[in-house]
Amino acid sequence: MLVIICIKQVPDTTQVKIDPVTGNLVREGVPFIMNPFDTHALEEGIRLKERYGFRVVVISMGPPNTEVTLRKALARGVDEAVLLSDRAFGGADTLATSKVLAEAIIQLTQREEVAIVLCGKQTIDGDTAQVGPGIATRLGYSQLTLVDHIKDIDLQAQKVIARRKLEGREEIVKADLPAMISVVREINTPRYPTVPLRLMAEGATITIWGNKEMKLDDASIGLQGSATQVRKIFSPERAKGEILGDGITNPEEAASLLIKELKRKGLLFI
Amino acid sequence: MEASREVFWNIQFGEIVYILAVFTIIVFIYALYKRYKLWKTGIPKFKLDNIGKRLWNFTVSAFVDGIFHRRFFGSASKQGRKGIFKRLLPTDFYPGIIHYFIFIGCIILLIGSFLDFISHYFLDFMHGGFYLGYSLVTDIAGTMIIIGVILAIIRRYVEKPERLDNKREDLIALLLIMAVVVSGFLVESIRIAATELQTNPEWAPWSPTSFVLAQAFIDLNQKTLSNWHLITWWLHSLVSLGAIIYVSLYWNRLWHIIFSTLNAFFRNLDTKGILSREDFSVGRHFGVSRIDDFTWKELLDLDACTRCGRCQEVCPAFTSGKPLNPKKVIQDLREILINSTNSSSKDSQRTGAPSASNDNPSLSDVITEEVLWECTTCGACIEVCPVFIEPLTKLIGIRRYLVEMKARFPEELLNFFENIEQRSNPWGIAPSERTKWAADIDIQSFESGNTEYLFFVGCAGAFDSRNRRVTLALTQILDSAGISWGILGKDEPCCGDSLRRLGNEFVFDRMVMENIAMFREKGIKKIITQCPHCFHTLKNDYRQYDIQLDVIHHSELINNLVREGRLEIKHTGNLGNVVFHDSCYLGRYNNIYKNPRKAILKITNQLPIEMERCYDRSFCCGGGGGRMWMEESVGKHINVLRVEEALQKNADSICVCCPYCMTMFEDGLKDKGAHTKVRVMDLAEIVAKAIERGKIK
């Protein structure tokens with residue numbers, strides 16, 4: 001049985017600046033990282049491997065340099081990494097991305113049955129949280145989003161019991177396998193890779209599938225297959241509010257100003 | 001008649017003693033061989049290089065440490081004693097003098113016996129005045145030993161200093177020495193009573209102790225005396241040889257005579273506590289999880305330990321109430337070494353993670369994780385060890401195993417490791433913010449040819465708001481002195497110090513290779529650092545990667561500039577009592593003690609005030625060895641202990657030369673509520689205050 005983890009390589013957004021003149025993202029020299037939510041999906045996949053003995057495959061769609069991120073996943077203990085990379089996949093929105101990922105999962109299913117597909121709840125660059133559900137819908141899998149605990153997987157009954165973390169409440173749900181589970185950060189603390197695994201990952205072969213292997217209709221993938229298109233990127237104007245004091249050079253004064261203001265508005269009582 | 005030595009007086013078949021001696025030597029050599037085999041279970045990584053230098057160092061320590069006993073008296077090193085700088089009193093005079101009496105006494109008696117042997121069989125010179133002098137010297141030597149042993153017994157069993165743990169072998173060792181010497185005196189005094197007192201009483205006082213003892217036997221008749229002499233002579237011979245056999249077979253601590261001496265010869269000639277590189281090829285085992293993962297030299301270290309406890313007395317972790325005790329670490333490891341049986345199957349067990357089912361007891365049971373992570377790598381244990389043992393390298397070997405093979409470490413370190421790997425700084429701040437400190441000044445990027453020095457700002461200097469002020473102060477000094485410098489800006493990497501001390505050698509290794517590739521590409525050769533940790537790492541650790549960087553710490557550079565008159569001191573004084581704190585990585589690791597003090601002298605017109613523990617006996621601030629990034633939950637806070645020491649000296653300012661020390665002292669002062677009265681200043685800040693910008697001489 002397989003657990004498939006979908007991960008994405010994203011620019012380290014804390015290091016992304018927006019060009020004040022053009023309003024474009026300055027991506028030059030910004031390092032790439034594994035989408036932070038995906039690191040938790042990855043960890044959960046490896047834990048499921050340890051709990052139930054699944055084989056764990058990590059897949060990612062992206063440019064060839066995504067290999068670096070896939071090797072990081074291998075260093076944490078996944079069994080195989082598949083990179084979906086083709087110029088034809090470029091410019092994809094969530095619709096076209098989920099198409100490619102779903103197709104890859106279908107192809108993997110032909111070799112081995114899939115129990116769980118794990119995703120991070122969303123990415124830090126697009127922030128849509130749509131790709132996971134997109135995959136589930138396309139494949140007809142159960143769809144469990146915002147999961148913070150996988151309680152049990154019953155392979156006999158083909159069921160998974162998981163806890164979803166929703167606003168102000170939690171939900172314990174039972175669903176049929178195969179299931180797509182998107183995870184929140186609280187689900188686990190990702191492990192640190194050991195050196196033997198790192199060395200293994202450095203030398204491992206990464207399977208690369210282009211559209212030659214995937215044989216998808218050009219119209220359903222990449223920019224052409226995307227229902228949305230980027231017209232402009234900008235930082236939104238601050239609609240209201242004001243900056244009190246100078247917190248950088250005089251934090252103490254800024255703090256007392258803030259306290260005074262909160263008291264004035266009746267929000268703070270001391 | 002002339003006084004002369006009569007060998008085998010009153011003894012028949014005395015030569016039997018030689019046969020027994022040969023037997024004793026065989027037992028001794030066999031025991032030594034067994035020990036050698038035990039050490040050889042360690043990995044053969046340690047290279048026996050620089051034989052000439054080793055011999056020279058060994059000879060020097062044989063004289064300096066042997067005859068003058070510097071390391072035993074605990075006198076400060078050369079740097080701490082010269083010129084106008086404070087003369088440090090020996091910290092271990094009492095134990096030093098005890099050892100001195102026994103050691104020198106034994107050496108004299110050994111030489112004496114050797115001369116006796118030569119005289120008897122080869123050149124007959126033991127007579128007349130020489131013989132009387134010989135009698136006097138050896139008699140005094142024996143007396144010294146007895147006094148030494150008595151003092152040692154008083155110290156051990158009456159005074160019971162905390163650093164000594166008494167085991168049966170200690171008492172046995174002292175009693176053996178005592179038995180040999182006392183039986184020797186008995187033989188001699190009976191002989192004196194039987195001969196000299198009757199024939200030449202004026203000779204007898206040349207053996208003063210025996211002369212006094214001989215008075216007890218003077219009334220016995222000649223027959224009784226010669227019988228007693230015969231008995232005590234054999235007793236003395238058998239006790240002496242028996243002692244050697246006993247020590248050989250039971251591994252009594254007296255083996256330190258051999259092991260510690262060997263260790264002095266095989267000592268680390270490189271920088272103190274330098275860590276070895278690891279070979280990261282696939283399929284290997286990393287770090288130390290079993291006793292035979294240590295090098296044979298490290299195993300020799302374990303045997304060289306005499307349990308004197310100097311290390312435990314100076315260890316910041318131990319003295320602040322933490323479970324780490326360097327002496328216990330060495331002793332516990334030694335216990336494992338001795339109990340380890342045949343490890344010839346070592347290679348076959350090397351394939352996977354080592355299992356607990358092999359013969360060797362597991363290190364992790366003995367050196368627990370609570371112990372392991374407490375080390376600040378301050379190097380005080382290495383500094384005070386009279387026999388050149390390096391406890392901290394062992395701890396870091398075990399840290400390596402846990403980090404590299406098990407990914408197991410205190411949870412605070414997970415973020416730290418990821419931040420370093422991801423963003424090359426401990427806090428995980430975006431590298432683009434590395435130049436924020438220079439927002440208001442003009443700075444230049446390092447360019448080979450255009451700029452002479454790379455100013456390696458360091459993570460703390462670039463990101464920590466307090467230490468950024470030090471960085472700015474240093475740039476003022478550099479500019480005033482007309483030094484040509486540039487920075488790497490957002491491309492400046494972390495040097496990797498904490499990674500290495502925390503045992504994350506793999507990431508350190510990869511990082512250093514990237515860093516030196518960049519240094520080479522940019523043509524960087526001369527580097528100024530403000531952080532002693534960057535300084536030490538770039539200078540000494542990077543050397544292992546075949547790059548020779550000319551690294552200078554700001555305290556050295558500033559003193560050079562002041563001395564050369566390149567900085568015009570405008571304002572002096574006004575700092576009140578300046579207490580100076582030696583950073584471990586400047587002082588103990590790199591022997592920089594005087595430079596910062598001289599600079600302070602120039603500026604304040606007086607030498608800084610010294611704390612009780614200063615120079616090479618300085619006490620760590622608690623921030624080294626990766627401790628900066630970890631919680632300190634057990635015992636007292638090390639930084640608070642150090643701040644208390646500074647406050648005892650009525651400090652108005654505490655001068656530091658290290659960003660970690662800066663943070664630790666400021667936190668410690670806040671803890672004591674003294675931060676409003678006492679300020680912590682980096683040397684660069686003190687100097688920058690004293691000069692005016694733009695006045696270049």
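Keep in mind it's a predicted model, so treat the numbers as computed, not measured.
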Inset, instruction - Give, for atom CZ of B/R423 and atom CG of A/D12, the distance between the pair rounded to the nearest 0.5 Å. - result: 3.5 Å
Legend entry - B/E404 to A/P196 - nearest heavy-atom pair and separation: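 The pair with the smallest heavy-atom distance is O-CD, 3.4 Å.
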Legend entry - Atom NZ of A/K49: over 12 foreign heavy atoms under 6.0 Å: yes
Legend entry - NZ (A/K72) with more than 12 external heavy atoms under 6.0 Å: yes
Legend entry - 4.5 Å side-chain heavy-atom contact, A/T194 and B/K406: no
Inset, instruction - With the side chain counted from C-beta on, respond yes when A/R198 and B/R510 share a heavy-atom pair under 4.5 Å apart, and no when they do not. - result: no
Legend entry - Contacting moiety of B/S465, where chain A heavy atoms sit under 4.5 Å: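 Contact with chain A involves no heavy atom of B/S465 at all.
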Legend entry - Toward chain A, the part of B/F280 with a non-hydrogen atom under 4.5 Å: both
Inset, instruction - Run through B/R408, B/E418, B/E421 and flag the one making a side-chain hydrogen bond (donor to acceptor under 3.5 Å, both in side chains) with A/Y192. - result: B/E421
